[in-house]
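Taking it in order: structure first as structure tokens, then the write-up.
Reminder, nothing fancy here: chain letters follow the sequence lines and each chain counts from 1.
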There are 2 protein chains.
Amino acid sequence: METACPAEGAPPEGTSAFLLSQLGALSARMFAERVAALDLTPPQAGLLRLVAWTPGQSQQAVAAQLGTPPSRLVALVDGLEERGLLARRRNPADRRLSSLHLTDAGVALLAELAGLAVSHDDEVCEGLDGAERAQLHALLARLAELRGLVPGVHPGFRGPP
Amino acid sequence: METACPAEGAPPEGTSAFLLSQLGALSARMFAERVAALDLTPPQAGLLRLVAWTPGQSQQAVAAQLGTPPSRLVALVDGLEERGLLARRRNPADRRLSSLHLTDAGVALLAELAGLAVSHDDEVCEGLDGAERAQLHALLARLAELRGLVPGVHPGFRGPP
DNA sequence: TATTGTTATACTCTATAACTATA
DNA sequence: TATAGTTATAGAGTATAACAATA
């Protein structure tokens, strides 16, 4: 597996960290292609997912969870609202706040997204048998938990500081 | 590990593909921070690495290997050349071609980069014991090979189509 | 005419900061 | 005055296409 490198002291390209970056980028690109078929970008899909998970939150709260500035949410929500997937509900008690909710169409699309995620995962793991997939998943889940990665928050967002 | 989701049909956020994207993005961000200490961007580091690996290639050839348009290389090479890390050598036989080579300073910096890559890998794998690290590395290497990922080509570049 | 490297331009994405409306 | 959402602006990074030099 190790190949000789003509330049003295060249960095090891085959580290797990490097492979993780490569495969992670590949997985993200493949996912982006798939959600594009649903006319969604990965950040839009991530927002949809988060709103489904914790409905009724304010845009500020959602932005904080995603680790993105609130201003970025505006265009994101706008796009999904225009397509009837997401809805802003003004809080009558404090009219500055608008809580986010999925519409029925949004829930339906989310179901499609779920199916897509399954086939995406299958494509990414293609070539590994069942036992190997379980091993890989266990190791990745361990690392993610150790690093405090928020489940469901897409890498398109930085995540909380 | 599985938590209930209030929205029907929410996509499984804990797939290996999703974890791979999350951890890959994290690893890439951590690497970017480390190379920033050497005043390099990840694409610059990737270019340095590739030139070390296959010195003397034309910019067109390097661009093709990285899967990036040749025009993008210009600024990249400019920056590294100004810092005395990389050198263009005009081919006297065909003066359109300029081959790329590392300078001594470039080789020295590459050695630093190698050390950095090792500690980066260690940081990414922190929390796993030796056996688990070996398992993880084997699985990732298998996947990378199956997907035809070019060793050493940084995710900052798309890679050959 | 074809090819290498370069420049010019435009586009996408994101963050920062100023603004409004409510409180 | 303080806060939620919005708008405006600017920056980084990249791709596309036009260009000049050389063959």
Side-chain angles (χ1 to χ4, degrees), chain A residues 25 28-29 31-33 35-36 39-47 51 56-82 86-101 153-161, chain B residues 25 28-29 31-33 35-36 39-47 51 56-82 86-101 153-161:
Chain A
R29 206 178 330 140
F31 181 74
E33 283 170 18
V35 293
D39 205 14
L40 288 175
T41 65
Q44 282 178 322
L47 174 57
V51 172
Q57 289 199 116
S58 73
Q59 293 185 200
Q60 296 274 345
V62 169
Q65 271 192 275
L66 292 175
T68 194
S71 63
R72 185 179 167 192
L73 273 192
V74 179
L76 229 45
V77 173
D78 281 351
L80 295 175
E81 193 176 33
E82 280 168 21
L86 210 65
R88 289 178 169 98
R89 287 195 206 147
R90 272 301 207 236
N91 183 339
D94 184 343
R95 311 213 15 236
R96 289 173 305 181
L97 295 153
S98 62
S99 59
L100 300 180
H101 303 264
V153 171
H154 192 274
F157 301 104
R158 257 195 225 154
Chain B
R29 205 176 333 137
F31 181 74
E33 282 169 20
V35 293
D39 205 13
L40 289 175
T41 64
Q44 283 178 323
L47 174 57
V51 172
Q57 289 197 115
S58 73
Q59 294 185 197
Q60 297 274 346
V62 168
Q65 271 192 275
L66 292 175
T68 194
S71 63
R72 186 178 167 192
L73 273 192
V74 178
L76 228 45
V77 172
D78 281 351
L80 295 175
E81 192 175 34
E82 279 167 22
L86 211 66
R88 288 176 169 101
R89 288 195 205 146
R90 272 305 208 236
N91 184 339
D94 184 343
R95 310 214 14 243
R96 290 173 305 181
L97 295 154
S98 63
S99 59
L100 300 180
H101 303 264
V153 170
H154 192 276
F157 302 104
R158 257 196 226 154

| query | Whole Å only: how far is the CG atom of Leu73(B) from the P atom of dT4(C)? | reply | 13 Å

| Is the side chain of Glu81(A) donor-acceptor paired with the backbone N or O of Arg88(A) at a distance under 3.5 Å, no angle test? | yes

| request: Tell me which residues in residues 91-98 of chain A put a heavy atom below 4.0 Å from DNA chain D, sorted by number, or none. | output: Arg96(A), Leu97(A), Ser98(A)

| remark: The reported gap from CG in Leu80(B) to CG in Leu73(B) (rounded to nearest 0.5 angstrom) is 10.0 Å

| What is the minimum heavy-atom distance between Ala32(A) and Pro42(A), and which atoms define it? | CB-CG, 3.8 Å

| Would you say the side chain of Leu100(A) lies within less than 4.5 Å of the side chain of Gln57(A), judging by non-hydrogen atoms? | no

| said: Rounded to whole Å, please give me the gap between CZ in Arg89(B) and P in dG5(C). | reply: 15 Å

| query | Does the side chain of Gln60(B) come within less than 4.5 Å of Pro70(B)'s, by heavy atoms? | reply | yes

| Base versus backbone protein contacts along nucleotides 10-16 of chain D [heavy-atom cut-off under 4.0 Å; B, S, -] | ----SSB

| field | Separation of atom CZ in Arg90(B) from atom C1' in dA20(D), rounded to whole Å | value | 11 Å

| query | To the nearest 0.5 Å, how far apart are OG in Ser98(B) and CZ in Arg90(B)? | reply | 5.0 Å

| field | 4.5 Å side-chain heavy-atom contact, Leu66(B) and Val153(B) | value | yes

| message | Are Leu86(A) and Leu47(A) packed together at the side-chain level, in the sense that at least one heavy-atom pair is separated by less than 4.5 angstrom? | response | yes

| message | Looking at every non-hydrogen atom in both residues, tell me the closest pair between Gln44(B) and Asp39(B) and how far apart they are. | response | OE1-O, 4.0 Å

| task | Check the distance between dG5(D)'s P and Asp78(A)'s CG and give it to me in whole angstrom. | result | 13 Å

| Value in whole Å for how far the P atom of dT7(C) lies from CD of Gln59(B) | 11 Å

| note | As a check of understanding: the bend across the helix from dT1(C)-dA23(D) to dA23(C)-dT1(D), end axes from five pairs, rounded to 10 degrees, works out to 30°

| field | Nearest atoms (heavy-atom pairs only) where Arg72(B) meets Thr68(B) | value | CD-OG1, 3.1 Å

| OP1, OP2 of dA4(D) versus side-chain N and O of Arg88(A): anything below 4.0 Å? | no

| request: Output yes when a side-chain donor or acceptor of Arg89(A) lies under 3.5 Å from a complementary backbone atom of Ser99(A), and no otherwise. | output: no

